[in-house]
Amino acid sequence: MNFLFPTPVIYDGNESRYLQRDGARFATYLSEQGHSAKKIIIDEGKGLPQPQSPLLEKASITDWHSSEYWQKHNADVVLLYGGFAPRMLPIAKAIRKATPFLALKLDSSLGVHSPFYKPGLMINKKYHIFHQNRPCIVSGILAILWWIKQAIISKKSFYREYFPLFDLITAESSIAAENTRNYFNKIGLTKEAKKVIVLPHPVSAAFSETTQCEKENLIIAVAADWSNPLKGGKLLIKSLTKVLARHTDYSAIIVGDNFDGLKKLSNKAGDDIASRIKFVGKLDSDQIAPYYQKSKIHIITSGSEAAPNSASEALTSRCSLVFSKNLLQLQPISESGFATISNCRSPTAFANAISNEIIKWQWQQNYQQTIQQAFQHSSNIRTLSKNLTMNINTKC
């Protein structure tokens with residue numbers, strides 16, 4: 001079969017970055033199984049050469065809107081990482097004309113839902129997104145205005161035109177899938193509600209096949225860029241300094257770029273604590289696997305995330321999680337007993353949540369084996385690929 005994974009991100013020439021995530025992982029595995037598979041990204045017209053990898057291709061936005069472009073690929077299946085922004089409608093229509101099976105990746109933490117769904121949470125999450133490059137007050141005002149706009153301007157007509165284009169609609173989490181089904185049924189998209197399945201972002205085999213080592217008393221945090229306020233870098237350090245002062249046998253590993261400010265903040269806690277916080281810089285996704293394998297707890301201090309992918313990678317590596325209530329999509333993991341939710345995004349609350357997980361690791365002798373049994377296959381690339389192809393065969 002011939003698979004395409006269009007992902008509307010702009011190519012910047014760093015080929016390896018685009019092969020680490022999204023449909024490229026599906027494409028890699030499916031290619032190894034004898035299929036033809038490729039991830040398509042956007043060419044912004046800067047004269048960059050085509051990527052060398054056969055798994056990656058860039059195309060102009062004009063091509064993305066052209067059914068002729070998609071027809072030349074002669075794809076049997078297209079999984080569009082398009083979400084549900086109105087700008088994706090003409091693209092989905094162009095692909096629909098050119099392929100017998102079109103699936104959608106919602107790529108949304110909470111799926112499709114009414115604007116009145118948990119307004120406080122949605123405003124808070126949007127605040128953190130705006131706050132990446134805006135002052136606090138401005139971000140707060142914009143988040144409220146954003147919510148008012150969502151409540152006033154109905155998207156139902158767009159949804160009724162957009163979602164019927166797809167043969168399959170995939171959601172990142174069980175909460176996102178449930179929300180989407182419920183809302184579809186509410187607005188009359190009953191056929192589309194039956195098309196919704198859970199298909200998490202795939203975890204590379206490196207996380208499950210890396211030689212398992214003895215777990216150490218380590219806490220790990222991962223971000224691409226720690227200077228981004230969305231990731232909660234200052235909150236992370238303040239939380240860790242409290243925890244490491246309480247639990248003197250624990251240390252921490254921080255993975256990601258632009259950590260100088262965090263390192264200075266950790267130094268203020270004194271040599272004993274600062275020496276137990278290691279900064280390793282930015283790594284490719286698969287290179288992080290050995291760090292997860294030896295860590296016990298993965299902490300996520302972000303104010304808003306989609307999946308997040310690091311959670312799946314950590315669970316596959318037998319880590320437990322700590323995160324805030326903002327990441328509602330991860331709540332089922334806490335309900336299963338493999339995570340602690342911080343009551344709020346404060347250093348004390350996060351420190352208490354981490355301490356709770358430390359106590360679990362002390363008293364539950366089979367904690368890591370239980371995590372492994374529960375999550376070893378949930379985001380495994382083999383399992384997800386089989387699930388995807390099974391649903392394709394069922395729908396065809």
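For the single chain, residues carry numbers from 1 onward in sequence order.
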Pairwise salt bridge (Lys or Arg N to Asp or Glu O under 4.0 Å) hits with a residue in residues 23-38, at least two apart: Arg25-Asp286, Arg25-Glu313, Lys38-Glu57

Gap separating the CG atom of Leu244 from the NZ atom of Lys242, nearest 0.5 angstrom: 12.0 Å

Between Ser302 and Glu305, a side-chain donor and acceptor under 3.5 Å: yes

Over all atoms of both residues, closest heavy-atom pair of Thr180 and Val112: OG1-N, 3.0 Å

Flag for Asn124-Asn326: side-chain donor and acceptor within less than 3.5 Å: yes

Other ILVMFWY residues reachable from Trp363 by side-chain steps of under 4.5 Å: Ile359

Joint hydrophobic cluster, Leu321 plus Tyr250, side-chain heavy atoms closer than 4.5 Å: yes

Show me, pair by pair, the donor-acceptor contacts under 3.5 angstrom made by side chains of residues 261-272, not counting sequence neighbours?
{"residue": "Ser266", "atom": "OG", "partner": "Lys263", "partner atom": "O", "Å": "2.7"}
{"residue": "Asn267", "atom": "ND2", "partner": "Lys263", "partner atom": "O", "Å": "3.3"}
{"residue": "Asp272", "atom": "OD2", "partner": "Arg276", "partner atom": "NH2", "Å": "3.0"}

For residues 136-148, dump all side-chain donor-acceptor pairs below 3.5 Å to protein atoms at least two apart in sequence or in another chain.
{"residue": "Ser139", "atom": "OG", "partner": "His131", "partner atom": "N", "Å": "3.3"}
{"residue": "Ser139", "atom": "OG", "partner": "Arg134", "partner atom": "O", "Å": "3.4"}
{"residue": "Ser139", "atom": "OG", "partner": "Pro135", "partner atom": "O", "Å": "2.8"}
{"residue": "Trp147", "atom": "NE1", "partner": "Pro115", "partner atom": "O", "Å": "2.8"}

Check: Thr190/Asn185 side-chain N/O donor and acceptor closer than 3.5 Å: no

Closest contact, heavy atoms only, Ser109 versus Ser173: O-OG, 3.6 Å

Presence of salt bridge, Lys39 and Asp22, under 4.0 angstrom: yes

Verdict with supporting geometry, Met1 and Ile392, side-chain contact (heavy atoms from CB on, under 4.5 Å): CA-CA 11 Å; Met1 296 180 71; Ile392 290 168; 4.2 Å; yes

Any donor-acceptor N or O pair under 3.5 Å, side chains Ser285, Arg21: no

Closest heavy-atom pair and its distance - Tyr69, Ile40: OH-CG2, 3.5 Å

Closest non-hydrogen atom pair, Leu55 against Ala37: CD2-O, 3.6 Å

Any pair counted as ring-ring contact (aromatic ring centres under 6.0 Å, His included), so long as it reaches residues 293-334, sequence neighbours left out: Tyr292-His298

Salt bridge (Lys or Arg N to Asp or Glu O under 4.0 Å) contacts touching residues 322-343 (sequence neighbours left out): none

Residue pairs fulfilling ring-ring contact (aromatic ring centres under 6.0 Å, His included) with at least one residue in residues 30-62, sequence neighbours excluded: Phe3-His35

Within 45° cone of Phe158 ring axis and under 6.0 Å: Lys156 NZ or CZ: no

Results of side chain to side chain donor-acceptor pair (under 3.5 Å) for Thr248 - residues two or more places apart only: none

Pairs meeting criterion salt bridge (Lys or Arg N to Asp or Glu O under 4.0 Å) with involvement of residues 354-378, two or more places apart: Glu357-Lys360

Any pair counted as side chain to side chain donor-acceptor pair (under 3.5 Å), so long as it reaches residues 113-123, sequence neighbours left out: Tyr117-Asn179

Partners meeting ring-ring contact (aromatic ring centres under 6.0 Å, His included) with Phe5 (sequence neighbours left out): Phe26

Arg382 and Asn387: CA distance, side-chain angles, deciding distance, side chain to side chain donor-acceptor pair (under 3.5 Å) verdict: CA-CA 9 Å; Arg382 295 181 183 86; Asn387 186 24; over 6 Å; no

Check ion pair Arg17-Asp12 (N to O, under 4.0 angstrom): yes

More than 12 heavy atoms of other groups within 6.0 Å of Lys296 NZ: yes

Any pair counted as salt bridge (Lys or Arg N to Asp or Glu O under 4.0 Å), so long as it reaches residues 80-105, sequence neighbours left out: Lys93-Glu161, Arg96-Asp167, Lys105-Glu172

Donor-acceptor side-chain pairing of Asn2 and Asp76 below 3.5 angstrom: no

Pair Phe163 + Phe184: ring centers closer than 6.0 Å: yes

hydrophobic_cluster_shared for Ile341 and Trp361, side chain cutoff 4.5 Å: yes

Under 3.5 Å side-chain donor-acceptor pair for His201 and Ser379: no

Minimum-distance pair of heavy atoms, taken over all atoms of Leu235 and Pro347: CD1-N, 3.4 Å

